[in-house]
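The structure appears below as structure tokens.
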Amino acid sequence: MKKNMGALDKVIRVVIALVAAALVYYDVVGGMYSYILLTITAIFLLTSLVGFCPLYGLFGLNTCPVNKRG
């Protein structure tokens, strides 16, 4: 897997994941929506840690500056 996510993209995903987790934690979002939001949170955190987003690969997107050069 080649990395296809830049640093800014990773930071944005982590911030969104933290906000979503806080919404669930403080019971702003409940029920089935909380499970959906937590799943999206986990996906955002995982893709940020790995640096690879499968949807970016599917659509041919790349925000990683290292892979754009070569």
Side-chain angles (χ1 to χ4, degrees):
M1 278 189 304
K2 286 186 177 181
K3 293 187 179 204
N4 62 2
M5 290 176 53
L8 180 62
D9 196 6
K10 291 178 187 179
V11 170
I12 290 171
R13 285 174 181 249
V14 169
V15 169
I16 291 171
L18 290 174
V19 169
L23 289 174
V24 173
Y25 181 76
Y26 290 112
D27 288 329
V28 176
V29 177
M32 185 177 70
Y33 295 115
S34 66
Y35 294 114
I36 294 169
L37 200 57
L38 287 176
T39 301
I40 293 170
T41 300
I43 291 170
F44 272 20
L45 288 176
L46 180 66
T47 57
S48 294
L49 289 174
V50 175
F52 176 78
C53 178
L55 287 177
Y56 278 13
L58 185 66
F59 292 115
L61 298 172
N62 187 355
T63 61
C64 184
V66 175
N67 289 339
K68 287 183 180 178
R69 293 182 191 153

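- From Cys53, atom SG reaches atom NZ of Lys10 across 12.0 Å, with rounding to the nearest 0.5 Å.
- Put simply, Leu38 and Leu45 are part of two different groups of oily side chains (I, L, V, M, F, W, Y) that touch within less than 4.5 Å, one to the next.
- Pairing each heavy atom of Met5 with each of Thr63, the nearest pair is CA-OG1, 3.2 Å.
- Residue Leu18 holds its CG atom at 14.0 Å from OH of Tyr25, rounded to the nearest 0.5 Å.
- Minimum heavy-atom separation, Gly6 to Pro65: CA-CD, 4.3 Å.
- You'll find the side chain of Leu55 reaches within 4.5 Å of the side chain of Leu58, heavy atoms only.
- Residues in residues 35-60 take part in these side chain to side chain donor-acceptor pair (under 3.5 Å) pairs, two or more places apart or across chains: Asp9-Tyr56, Arg13-Thr47.
- No single ILVMFWY cluster, assembled from side-chain heavy atoms under 4.5 Å apart, contains both Phe44 and Leu46.
- Put simply, CG on Asn62 and CZ on Phe52 are 10.0 Å apart, with the number rounded to the nearest 0.5 Å.
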